[in-house]
Amino acid sequence: MSSLGNSNNIFWQECPVGKLERQKLINQKGCVVWITGLSGSGKSTLAFALNRQLYSRGKLSYVLDGDNLRHGLNKDLGFSAEDRTENIRRVGEVAKLFADAGMICIASLISPYRKDRDACRAMLPDSNFIEVFMNTPLSLCESRDAKGLYKLARAGKIKGFTGIDDPYEPPLQCEIELQQIDGICRTPTAMSEQVVSYLEEKGYLEDQ
(Lines give C-alpha, C1' and ligand atoms only; values in the text may rest on other atoms or scores of the structure.)
Protein backbone atom coordinates (compact mmCIF):
# COMPACT_ATOMS: atom_id res chain seq x y z
CA MET A 1 0.00 0.00 0.00
CA SER A 2 1.38 3.40 -1.02
CA SER A 3 1.86 6.13 1.56
CA LEU A 4 0.84 9.71 0.81
CA GLY A 5 4.06 10.80 2.46
CA ASN A 6 6.20 8.87 -0.01
CA SER A 7 8.24 11.26 -2.18
CA ASN A 8 7.55 8.96 -5.18
CA ASN A 9 3.99 10.28 -5.14
CA ILE A 10 5.00 13.95 -5.38
CA PHE A 11 5.24 15.59 -8.78
CA TRP A 12 6.83 18.90 -9.83
CA GLN A 13 4.35 21.46 -11.15
CA GLU A 14 5.67 23.83 -13.80
CA CYS A 15 4.66 27.48 -13.39
CA PRO A 16 3.38 29.14 -16.59
CA VAL A 17 5.40 32.26 -15.74
CA GLY A 18 9.09 31.42 -16.02
CA LYS A 19 12.23 32.81 -14.39
CA LEU A 20 13.21 34.84 -17.44
CA GLU A 21 9.79 36.52 -17.46
CA ARG A 22 10.06 37.33 -13.77
CA GLN A 23 13.54 38.76 -14.25
CA LYS A 24 12.32 40.92 -17.12
CA LEU A 25 9.49 42.23 -14.97
CA ILE A 26 11.85 43.54 -12.27
CA ASN A 27 14.83 44.32 -14.55
CA GLN A 28 17.50 42.24 -12.85
CA LYS A 29 18.90 38.73 -12.74
CA GLY A 30 18.22 36.47 -9.77
CA CYS A 31 21.15 35.10 -7.79
CA VAL A 32 22.34 34.19 -4.31
CA VAL A 33 25.06 36.20 -2.56
CA TRP A 34 26.21 33.86 0.21
CA ILE A 35 28.22 35.66 2.91
CA THR A 36 30.25 33.34 5.14
CA GLY A 37 32.69 33.92 7.97
CA LEU A 38 33.23 33.72 11.71
CA SER A 39 30.88 35.20 14.26
CA GLY A 40 31.75 38.88 14.49
CA SER A 41 33.40 39.00 11.06
CA GLY A 42 30.88 41.53 9.74
CA LYS A 43 28.55 39.30 7.74
CA SER A 44 25.28 40.88 8.82
CA THR A 45 26.74 44.37 8.59
CA LEU A 46 27.77 43.72 5.00
CA ALA A 47 24.47 42.02 4.16
CA PHE A 48 22.38 44.98 5.26
CA ALA A 49 24.75 47.52 3.68
CA LEU A 50 24.50 45.61 0.41
CA ASN A 51 20.73 45.44 0.73
CA ARG A 52 20.64 49.23 1.11
CA GLN A 53 23.02 49.78 -1.82
CA LEU A 54 20.88 47.66 -4.11
CA TYR A 55 17.70 49.35 -2.94
CA SER A 56 19.19 52.76 -3.75
CA ARG A 57 19.82 51.49 -7.29
CA GLY A 58 16.25 50.28 -7.67
CA LYS A 59 17.19 46.61 -7.38
CA LEU A 60 15.18 44.14 -5.34
CA SER A 61 17.00 42.06 -2.76
CA TYR A 62 16.24 40.25 0.48
CA VAL A 63 18.47 39.30 3.40
CA LEU A 64 18.34 35.83 4.96
CA ASP A 65 20.19 36.35 8.24
CA GLY A 66 21.27 33.25 10.13
CA ASP A 67 20.25 34.51 13.57
CA ASN A 68 16.90 35.80 12.30
CA LEU A 69 16.09 32.49 10.63
CA ARG A 70 16.66 30.65 13.91
CA HIS A 71 13.71 32.59 15.32
CA GLY A 72 11.37 30.93 12.84
CA LEU A 73 12.28 28.61 9.97
CA ASN A 74 15.13 26.96 11.87
CA LYS A 75 14.03 27.42 15.48
CA ASP A 76 13.86 23.65 15.96
CA LEU A 77 17.58 23.21 15.19
CA GLY A 78 20.54 23.27 17.54
CA PHE A 79 24.25 23.58 16.79
CA SER A 80 25.38 19.99 16.37
CA ALA A 81 27.14 19.18 13.10
CA GLU A 82 23.96 17.51 11.85
CA ASP A 83 21.74 20.44 12.79
CA ARG A 84 24.18 22.93 11.25
CA THR A 85 24.02 20.97 8.00
CA GLU A 86 20.23 20.95 8.04
CA ASN A 87 20.21 24.66 8.90
CA ILE A 88 22.28 25.45 5.82
CA ARG A 89 20.30 23.07 3.60
CA ARG A 90 17.03 24.79 4.49
CA VAL A 91 18.47 28.25 3.91
CA GLY A 92 19.93 27.10 0.61
CA GLU A 93 16.55 25.87 -0.56
CA VAL A 94 14.85 29.14 0.42
CA ALA A 95 17.62 31.19 -1.20
CA LYS A 96 17.17 29.17 -4.40
CA LEU A 97 13.49 30.11 -4.47
CA PHE A 98 14.30 33.81 -4.05
CA ALA A 99 16.80 33.61 -6.92
CA ASP A 100 14.27 31.76 -9.07
CA ALA A 101 11.84 34.61 -8.39
CA GLY A 102 14.38 36.96 -9.93
CA MET A 103 15.53 38.51 -6.68
CA ILE A 104 19.04 39.00 -5.36
CA CYS A 105 19.05 36.89 -2.21
CA ILE A 106 21.68 37.83 0.36
CA ALA A 107 22.31 34.94 2.75
CA SER A 108 24.38 35.81 5.80
CA LEU A 109 25.44 32.80 7.87
CA ILE A 110 28.57 31.47 9.52
CA SER A 111 28.04 28.28 7.48
CA PRO A 112 31.30 26.79 8.78
CA TYR A 113 31.44 23.59 6.73
CA ARG A 114 32.67 23.71 3.15
CA LYS A 115 30.58 20.73 2.04
CA ASP A 116 27.38 22.42 3.16
CA ARG A 117 28.15 25.63 1.27
CA ASP A 118 29.12 23.59 -1.80
CA ALA A 119 25.81 21.74 -1.56
CA CYS A 120 23.98 25.08 -1.68
CA ARG A 121 26.04 26.13 -4.68
CA ALA A 122 25.04 22.93 -6.45
CA MET A 123 21.35 23.81 -5.99
CA LEU A 124 21.66 26.77 -8.36
CA PRO A 125 22.08 26.62 -12.13
CA ASP A 126 24.22 28.90 -14.30
CA SER A 127 26.74 29.81 -11.60
CA ASN A 128 24.25 32.05 -9.79
CA PHE A 129 25.83 31.34 -6.40
CA ILE A 130 28.25 34.08 -5.36
CA GLU A 131 30.28 33.16 -2.29
CA VAL A 132 31.61 36.11 -0.28
CA PHE A 133 34.20 35.23 2.34
CA MET A 134 34.56 37.64 5.26
CA ASN A 135 38.22 36.85 5.96
CA THR A 136 38.39 38.54 9.35
CA PRO A 137 41.01 37.29 11.83
CA LEU A 138 39.69 35.36 14.81
CA SER A 139 41.48 37.77 17.16
CA LEU A 140 39.54 40.71 15.71
CA CYS A 141 36.22 38.86 15.77
CA GLU A 142 36.85 37.92 19.39
CA SER A 143 37.77 41.48 20.34
CA ARG A 144 34.47 42.72 18.94
CA ASP A 145 32.32 40.03 20.61
CA ALA A 146 29.21 42.20 20.46
CA LYS A 147 27.02 39.32 21.63
CA GLY A 148 29.42 38.11 24.34
CA LEU A 149 29.54 34.65 22.76
CA TYR A 150 33.32 34.31 22.50
CA LYS A 151 33.65 35.08 26.20
CA LEU A 152 31.13 32.37 27.02
CA ALA A 153 32.84 29.91 24.69
CA ARG A 154 36.26 30.59 26.21
CA ALA A 155 34.74 30.00 29.64
CA GLY A 156 33.36 26.66 28.49
CA LYS A 157 29.76 27.78 28.83
CA ILE A 158 29.08 27.31 25.10
CA LYS A 159 30.19 24.11 23.44
CA GLY A 160 30.81 23.65 19.72
CA PHE A 161 31.42 27.35 19.06
CA THR A 162 32.88 28.00 15.62
CA GLY A 163 36.48 29.17 15.78
CA ILE A 164 36.97 28.07 19.39
CA ASP A 165 36.17 24.37 19.72
CA ASP A 166 34.50 23.75 16.37
CA PRO A 167 36.22 24.31 13.02
CA TYR A 168 35.58 26.93 10.37
CA GLU A 169 36.51 25.75 6.89
CA PRO A 170 37.32 28.76 4.70
CA PRO A 171 36.28 28.75 1.04
CA LEU A 172 38.83 27.47 -1.45
CA GLN A 173 37.48 29.26 -4.51
CA CYS A 174 35.09 31.99 -3.44
CA GLU A 175 34.00 34.68 -5.88
CA ILE A 176 34.80 37.53 -3.48
CA GLU A 177 37.13 37.70 -0.47
CA LEU A 178 36.92 40.69 1.86
CA GLN A 179 39.66 41.39 4.38
CA GLN A 180 41.57 44.14 6.11
CA ILE A 181 43.87 46.36 4.07
CA ASP A 182 47.17 47.09 5.85
CA GLY A 183 45.51 46.08 9.10
CA ILE A 184 42.62 48.50 8.65
CA CYS A 185 39.02 47.34 8.39
CA ARG A 186 37.15 48.58 5.35
CA THR A 187 33.85 50.39 5.81
CA PRO A 188 30.58 48.54 5.18
CA THR A 189 29.92 50.91 2.28
CA ALA A 190 33.26 50.14 0.64
CA MET A 191 32.74 46.40 1.00
CA SER A 192 29.19 46.50 -0.31
CA GLU A 193 30.33 48.59 -3.28
CA GLN A 194 32.83 45.86 -4.16
CA VAL A 195 30.05 43.29 -4.19
CA VAL A 196 27.80 45.58 -6.24
CA SER A 197 30.62 46.07 -8.75
CA TYR A 198 30.90 42.30 -9.10
CA LEU A 199 27.15 41.99 -9.67
CA GLU A 200 27.32 44.72 -12.30
CA GLU A 201 30.27 43.11 -14.04
CA LYS A 202 28.49 39.75 -14.21
CA GLY A 203 25.26 41.28 -15.54
CA TYR A 204 23.01 40.70 -12.55
CA LEU A 205 21.91 44.33 -12.40
CA GLU A 206 21.33 44.82 -16.14
CA ASP A 207 17.84 45.28 -17.52
CA GLN A 208 16.60 41.91 -18.69
Side-chain angles (χ1 to χ4, degrees), residues 3-7 9-10 12-13 30-52 54-55 60-124 128-134 136 138 141-142 144-171 188 192:
S3 169
L4 288 176
N6 192 318
S7 61
N9 297 318
I10 298 173
W12 184 264
Q13 302 296 315
C31 66
V32 173
V33 178
W34 191 281
I35 306 173
T36 178
L38 293 169
S39 178
S41 61
K43 299 181 302 300
S44 295
T45 300
L46 171 60
F48 293 122
L50 177 58
N51 182 238
R52 173 58 64 180
L54 291 169
Y55 174 81
L60 188 60
S61 66
Y62 193 85
V63 176
L64 297 177
D65 182 82
D67 280 0
N68 291 353
L69 291 169
R70 283 184 176 275
H71 283 82
L73 178 68
N74 295 332
K75 67 180 180 180
D76 59 322
L77 298 176
F79 292 90
S80 67
E82 295 77 14
D83 279 4
R84 286 178 185 269
T85 292
E86 175 60 13
N87 178 52
I88 299 308
R89 188 197 67 81
R90 291 183 191 179
V91 178
E93 291 287 356
V94 173
K96 180 179 71 172
L97 294 176
F98 273 102
D100 187 59
M103 295 178 63
I104 298 168
C105 181
I106 307 166
S108 170
L109 304 96
I110 294 174
S111 43
Y113 306 138
R114 197 175 294 125
K115 65 178 178 61
D116 295 338
R117 299 192 303 268
D118 288 346
C120 291
R121 181 186 291 274
M123 294 177 187
L124 289 146
N128 289 336
F129 184 91
I130 300 156
E131 191 172 26
V132 180
F133 175 32
M134 299 296 294
T136 308
L138 173 62
C141 295
E142 194 165 356
R144 291 171 174 171
D145 203 16
K147 303 171 186 176
L149 299 178
Y150 281 103
K151 183 177 181 180
L152 292 173
R154 289 292 187 188
K157 296 180 180 180
I158 296 179
K159 299 297 184 183
F161 191 79
T162 302
I164 303 301
D165 59 349
D166 201 67
Y168 176 81
E169 300 171 353
S192 63

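Below, all heavy atoms of this structure are taken into account, side chains as well, without hydrogens, waters or symmetry copies.
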Subject >> Atom of Gly92, atom of Met123 and distance for their closest heavy-atom approach >> reply: C-SD, 3.5 Å
Original post:
When you look at CZ of Arg144, are more than 12 heavy atoms from neighbouring residues, nucleotides or ligands closer to it than 6.0 Å?
Top reply: yes
Original post:
To the nearest 0.5 Å, how far apart are CZ in Phe79 and CG in Asp166?
Top reply: 11.0 Å
Subject >> Test item: Ile110 and Lys43 side chains (from C-beta on) under 4.5 Å apart, heavy atoms >> reply: yes
Original post:
Counting only N and O atoms by type, is there a donor-acceptor contact under 3.5 Å from the side chain of Arg84 to the main-chain atoms of Pro112?
Top reply: no
Original post:
Just by modelled atom types, is the Pro171 backbone N or O under 3.5 Å from a matching donor or acceptor in the Arg114 side chain?
Top reply: no
Original post:
If you round to the nearest 0.5 Å, how far is CG of Leu124 from CD1 of Ile130?
Top reply: 9.5 Å
Original post:
Got Thr136 and Leu38 here, is their nearest side-chain heavy-atom distance under 4.5 Å?
Top reply: no
Original post:
Is the shortest side-chain N to carboxylate O distance from Arg154 to Asp145 below 4.0 Å?
Top reply: no
Subject >> Closest approach of Thr45 to Pro188 (non-hydrogen atoms, all atoms of both residues) >> reply: CG2-CG, 3.5 Å
**OP:** Show the numbers, then the answer: is there a side-chain contact (heavy atoms from CB on, under 4.5 Å) between Leu64 and Leu73?
**Re:** CA-CA 11 Å; Leu64 297 177; Leu73 178 68; over 6 Å; no
Subject >> Axial cation check for Phe129 ring with Arg117, 6.0 Å and 45° limits >> reply: no
**OP:** Just do the side-chain contact (heavy atoms from CB on, under 4.5 Å) check on Leu77 and Arg90 with the steps written out, would you?
**Re:** CA-CA 11 Å; Leu77 298 176; Arg90 291 183 191 179; 3.9 Å; yes
Subject >> Neighbour count above 12 (heavy atom, 6.0 Å) for Phe48 CZ >> reply: yes
**OP:** Working to the nearest 0.5 Å, report the span between SG of Cys141 and CG of Leu149.
**Re:** 12.0 Å
Original post:
Which heavy atom in Ser61 sits nearest to a heavy atom in Asn51, and how many Å separate them?
Top reply: OG-ND2, 2.7 Å
Original post:
Of all heavy-atom pairs between Cys105 and Phe98, which one has the smallest distance, and what is that distance?
Top reply: CB-CB, 3.7 Å
Subject >> Qualifying residue, where the test is side-chain hydrogen bond (donor to acceptor under 3.5 Å, both in side chains) with Asn74 and the options are Asn87, Asn68, Asp83, Asp67 >> reply: Asn87
Original post:
So which heavy atom on Glu93 is nearest to which on Lys96, and how close?
Top reply: OE1-NZ, 3.1 Å
Subject >> side-chain contact (heavy atoms from CB on, under 4.5 Å) assessment of Val33 paired with Ile104 >> reply: CA-CA 7 Å; Val33 178; Ile104 298 168; 4.1 Å; yes
Original post:
To the nearest 0.5 Å, how far apart are CG in Asp100 and SG in Cys31?
Top reply: 12.5 Å
Subject >> Non-hydrogen atoms of Trp34 and Ser111 that approach each other most closely >> reply: NE1-OG, 3.0 Å
**OP:** State, with a plain yes or no, whether a side-chain heavy atom of Lys157 is found less than 4.5 Å away from one of Lys151.
**Re:** no
Original post:
Can you find a pair of side-chain heavy atoms, one from Val94 and one from Leu69, that are under 4.5 Å apart?
Top reply: no
Subject >> Heavy-atom donor-acceptor pair, Asp165 side chain to Gly160 backbone, under 3.5 Å >> reply: yes
Subject >> N/O donor-acceptor pair under 3.5 Å between Glu142 side chain and Tyr150 backbone >> reply: no
Subject >> Evaluation steps, side-chain contact (heavy atoms from CB on, under 4.5 Å), between Ser39 and Thr162 >> reply: CA-CA 8 Å; Ser39 178; Thr162 302; over 6 Å; no
Subject >> Pairwise distance CD1(Ile35) to CG(Leu109) - rounded to 0.5 angstrom >> reply: 9.5 Å
**OP:** Using atom types as modelled and distance alone, determine if a side-chain donor or acceptor of Arg70 lies under 3.5 Å from a backbone N or O of Gly78.
**Re:** yes
